[in-house]
Amino acid sequence: MRPADEGVLTYRGAALFKLERYAAALADFTQVLRLVPHDPVALNNMGCCLFRLARYDDAIAYFSASLQAK
């Protein structure tokens with residue numbers, strides 16, 4: 001995997017999320033946001049991971065950011 005491939009990171013993060021490996025998925029989605037800071041899908045995925053990790057205030061912030069992203 002190329003380190004700067006946001007598509008691969010997104011798919012791997014989604015697979016990790018499905019496997020309930022939320023912290024690992026969060027790491028991949030964090031990398032996606034470093035590459036594409038205002039990606040609404042990545043922002044939403046971050047919110048989903050944070051919600052599953054019981055970080056509710058952070059999750060709400062990411063959900064809000066995903067709705068405002070262009």
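Starting from 1, each residue takes its place in the sequence as its number. Worth knowing before you read on, the calculation uses all heavy atoms, side chains too, and leaves out hydrogens, waters and symmetry mates.
The CG atom of L26 sits 11.0 Å away from atom CG of L16, with the distance rounded to the nearest 0.5 Å. Taken from CZ in R52 to CZ in R21, the straight-line distance is 16.0 Å, to the nearest 0.5 Å. For the atom pair CG (L35) and CG (L9), the distance works out to 6.5 Å, reported to the nearest 0.5 Å. Considering CG of L50 and OH of Y22, their distance stands at 12.5 Å, rounded to 0.5 Å.
Pairing each heavy atom of G13 with each of A25, the nearest pair is O-CB, 3.3 Å. Closest heavy-atom contact between L33 and A42: CD2-CB, 3.6 Å. Residue N44 comes nearest to S66 through the heavy atom pair N-CB, 3.6 Å, listed as atom of the first residue, atom of the second, then distance. Between A14 and F29, the shortest heavy-atom contact is N-CZ, 3.5 Å. Closest heavy-atom contact between E6 and V32: O-CG2, 3.8 Å.
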> Stepwise, does the side-chain contact (heavy atoms from CB on, under 4.5 Å) test hold for T10 with D28?
Replying inline: CA-CA 7 Å; T10 297; D28 279 354; over 6 Å; no
>> If you apply the rule side-chain contact (heavy atoms from CB on, under 4.5 Å), what do you find for N45 with C49, and how did you get there?
In response: CA-CA 6 Å; N45 290 339; C49 288; 5.6 Å; no
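Residue-environment remark: CZ (F63) exceeds the threshold of 12 foreign heavy atoms within 6.0 Å. In the displayed structure, Y62 atom OH is contacted under 6.0 Å by at most 12 heavy atoms of other residues, nucleotides or ligands.
Hydrophobic clustering, with ILVMFWY side chains joined whenever heavy atoms are under 4.5 angstrom apart, keeps Y11 apart from M46.
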